[in-house]
Amino acid sequence: MMGLDLTLIWAAIIGFGVIMYVLMDGFDLGLGILYPFAPDEESRDVMMNSIAPIWDGNETWLVLGGAGLLGAFPLVYSVFLPALYIGVFLMLAGLIFRGISFEFRFKSKKNRHWWNRAFCWGSAIAAFAQGAVVGAYIQGFAVEDFVYVGGALDWLTPFTVLTGLGLMAGYALLGATWLILKSEGHVQAWAYSIAPKLLLAVLVVFGIVSLWTPLVSLDVRARWLDQLHLIWVFPILAMACAAMLYRSVKRQQEGLPFVMALGLFIFTYLGLIASKWPVIVPPDYTIWDAASAPESQLFMLVGMIFVIPVVLAYTAWSYWVFRGKVKVGEGYH
Amino acid sequence: MELDPLLLSRLQFAFVVLFHAIFPVFTIGLASYIALLHGLFYKTGNTAWDRLALFWTKVFAVVFAMGVVSGIVMSFQFGTNWSNFALATSNFLGPVLSYEVITAFFLEAAFLGVLLFGRNKVPEGVHLFAAIMVAVGTFISSFWILSANSWMQTPAGYELIDGRFHITSWAEAIFNPSFWYRFTHMGMASFLTGGFVVAGVSAWFLLRQRDVEANKKALSMCLWLLLVLTPAQVVIGDFHGLNTLEHQPTKLAAMEGNWETQSNVPLLLFAIPDQDTQTNRFEIGIPDLASIILTHRADGEVPGINEAAPEEQPPVAIVFWSFRVMVGIGFLMIGVALAGLLLRWKGRVFESPLYLKTLVAMIGTPFLAVLAGWIVTEAGRAPWLVYGVMTHAQGLTPSLTGAMALFTLIGYMAVYGVVFVVGIYYLGRVVGEGMLPGADDQDSDEVERPKRPLSAAHTPLEGDDIKGANA
Ligand code: HDD
Ligand code: HEM
Ligand code: HEM
């Protein structure tokens, strides 16, 4: 590859978009999953208030990612979506119900419990579906001559169910540590008490997935064995984050648990990329096979260069505006 | 019975996209109207304009949110059901749809928050600017999406390499031959939608003697607007049709119900097109008129549907009748606008209950016309997905089975059904609540909350106490 490789730039942009989405929508989906277990309706209000101003900003990354993939890596788009057909539908339905329950829960008194349910189920289903996508990506897809040829439910295997549940646990952990940061009193105490349990669940799944992955994906096995010295860096960093997370929760620190949970996700994600790179539609197609025409990538890049800084600045600004603790019975009615 | 994934996918696409189309077509027109109201308030200082602006902004917020929710699904539809098409056209549609999303981002991120929540936080001039930018943003958004669609109708600026479209000229592809016609016609349709909804709601308030002064102002302004816009739409539509004649003659023939290429073609008012026999079973028409409209000569020759082989013909009856619904509504709208002028001349526009009720009844018609228009456009290009190059069958996802397509078709209908029912019900309450008496401190005790369209409306979802907005 000479000079400026647009495909690499786009891989970086999409990679960045995906992790931004996972981290940001992750903690608010996580709160949705924890929702039914909250001690009382008051803490549910706090949970919702802590994400109400920012959640749909978080979801814009999903929309941008969808359109960006079609433009930059159409093969990913045209293989993943048919292969995950049912899962994509479930995820979208989950996100829609969740989205409208944000708006209507507070405007509704009589039927509030229905909106609570929509919020929780919507979040749980969307998180599970996303986790299953990760599993399906590790497994690989039946693709012949650039066309998906597998069945409707190939993606649903014991392995992907496990990754689905694993991501639910991971999101819940993100949500709990976010809540530690944003709440106080009995809500915060509850968040402190569940965080270690969720961490344990995440680590158990993490362990099983790591042992199982070389069995479902031959190329990952080869990669792990060949390049042991490089690949193991990320899991070790992830473990370090987990340890710090545990310690900071025990010491009742407020900000560190969330930061460490983010770190856990980032290093796991990097580890996954390192195991597959540069394959983007496993098992066979690399980012260059999947790329669109250079002139199309260039045309799109012009717009992205403008929009990404704006979105980042705007995101930072809205988190700044809504910094600080959410108090019981305050704010959003 | 065998489930046909192609048919089911087409039904599904038609359903989700028609559902989506309802919302933006309204928000585009309404955004411009809100900007206009802000401008009038800025210039005259008359608080009636301000209160109207505030009221319509609440409605805008709810409709916008529903547009966004249904739009998210759209961006995944190409991949799930039309993956061959998505892969083949991605070099063009990918960037263009990305620009649609990017525009929507800019609009939401920078200006929508200010418009919805910044009333008491930014100077009036800045607020006006935000309102204008939101209106401009909706147009840029529709610019891109209509460019995508028009390119599929009249593809240009590309070459085919290994079954994939590669763009040789972005200018030719984006401004393809049918683009400007579609853009102006659709833009005008948005204004008409906004205009008739505002007129209808104002009339409804007047019938109930609520906020008489402000609503009279709003109605009067709308009627002047509609007087100009309704005939303009017919003219634009006529040009649009001539363009279709040039680039998609078979579609045009289906709109006219004209099977054979011939001269002295009548304008059919009623007919029952029969695809099997390739004739109309029954016709009532005005002699020579179609020839005159399309060629400006009574003996002008108009192409026939059977120039295309039967398997390359669109479903004629659907196209034929949808076209008549749209055009019929177009002329009905002119009639209503003219009646307004007549009544105004007699000084009775605001006093005639019959006229006000007619206006209320007209609220649904622009939506119907828009849906009918899209069905003409889209069904009329069948079996082509990219006109003349790729058919629906070629574009379909190869791995898709009938059962999968049926599952998601029912699924989307259920999900959208719930969203739509709740949304419309809530919209009804927002409208029923009407304008707030001293609309000032509406959002003063709210923290700024960007990007939360629905939060701009404070109406509770159920219960009787509709008055207390912020209680
Ligand atoms: C308020 C809405 C509305 C009204 C009153 C009309 N239309 Fe329309 N029409 C649309 C809204 C619309 C639309 C939804 O915006 C369409 C669908 C796609 C497009 O470009 O515009 C459309 C499409 C459309 C097409 C199809 C073009 C193609 O795809 O090849 C033609 C020929 C016309 N229109 C012509 C007319 C005429 C002669 C009208 C006169 C009475 C008219 N329309 C009224
Ligand atoms: C919001 C406005 C739109 C409406 C109301 C609409 C409506 C429809 C309808 C009714 C069909 C079915 C046609 C048939 O059965 O023969 C259809 C087909 C289709 N349209 Fe559109 N359309 C819109 C915009 C678009 C745009 C912007 C694109 C692409 C960027 C697009 C892509 C397609 C595709 C891929 C199909 C094929 C599936 C099918 O024919 O059912 N549409 N659309
Ligand atoms: C197949 C076609 C379409 C797709 C894939 C699509 C996709 C989307 C998406 C993803 C959004 C949400 C963007 C966001 O706010 O983050 C959206 C909203 C919007 N769309 Fe569409 N859309 C389609 C058809 C249309 C058409 C035909 C128009 C207008 C002519 C249109 C105009 C808009 C506008 C103005 C918005 C902003 C929200 C609103 O005003 O309700 N779209 N669309």
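Quick note: numbers below take in every heavy atom, side chains included, and nothing from hydrogens, waters or symmetry partners. Values in this document were obtained by computation on a predicted structure and should not be read as measured data.
Put simply, of A/G150, A/G71, A/A83, A/S78, the one with the most heavy-atom pairs under 4.5 Å next to chain B is A/S78. Of the listed residues A/A152, A/A67, A/S296, the one with more heavy-atom pairs under 4.5 angstrom with chain B than any other is A/S296. Of the residues considered (B/A86, B/S98, B/A403), B/S98 shows the highest number of contacts with chain A, using heavy-atom pairs under 4.5 Å.
Between B/W170 and A/F299, the ring center distance clears the sub-6.0 Å criterion.
Proximity to chain B (any heavy atom under 4.5 Å) is shown, for A/V302, by both the backbone and the side chain. Contact of B/Y416 with chain A is made through the side chain alone, with heavy-atom distances under 4.5 Å. Contacts of B/F407 with chain A are made by side-chain atoms alone, with heavy-atom separations under 4.5 Å and no backbone atom involved. For a residue to count as touching a neighbouring chain, one of its non-hydrogen atoms must lie under 4.5 Å from one of that chain's; by this rule B/V96 does not touch chain A. Neither the backbone nor the side chain of A/F80 comes within contact range of chain B; no heavy atom of the residue lies under 4.5 Å from a heavy atom of that chain. Contact of A/A290 with chain B is not made at all, since no heavy-atom distance falls under 4.5 Å. Residue contact with chain A, scored on non-hydrogen atoms closer than 4.5 Å, involves the side chain of B/L400 exclusively. With a threshold of 4.5 angstrom between heavy atoms, A/V307 approaches chain B through its backbone and through its side chain. With a 4.5 Å cut-off on non-hydrogen atoms, A/L92 touches chain B through its side chain but not through its backbone.
Taking the six-membered ring for Trp and thresholds of 30 and 60 degrees, B/F92 and B/W151 have ring planes inclined between 30 and 60 degrees apart. A/Y148 and A/F141 have perpendicular rings, their planes meeting at more than 60° on a 0 to 90° scale where under 30° would count as parallel. Below 30°, between 30° and 60°, or above 60°: for A/F89 and B/Y412 the angle between ring planes is above 60°, a perpendicular geometry.
By the neighbour-count criterion of 12 heavy atoms within 6.0 Å, atom CZ of B/F15 is densely surrounded, having more than that number from other residues, nucleotides or ligands.
For the pairing with A/V326, the side chain to side chain contact (heavy atoms under 4.5 Å, CB included) check across A/I51, A/N49, A/L181 returns one residue only, A/N49. Tested against A/Y85 for a side chain to side chain donor-acceptor pair (under 3.5 Å), the candidates B/T397, B/T408, B/T80 yield a single pass: B/T408.
Rounded to the nearest 0.5 angstrom, A/L8 CG and A/Q297 CD are separated by 10.0 Å.
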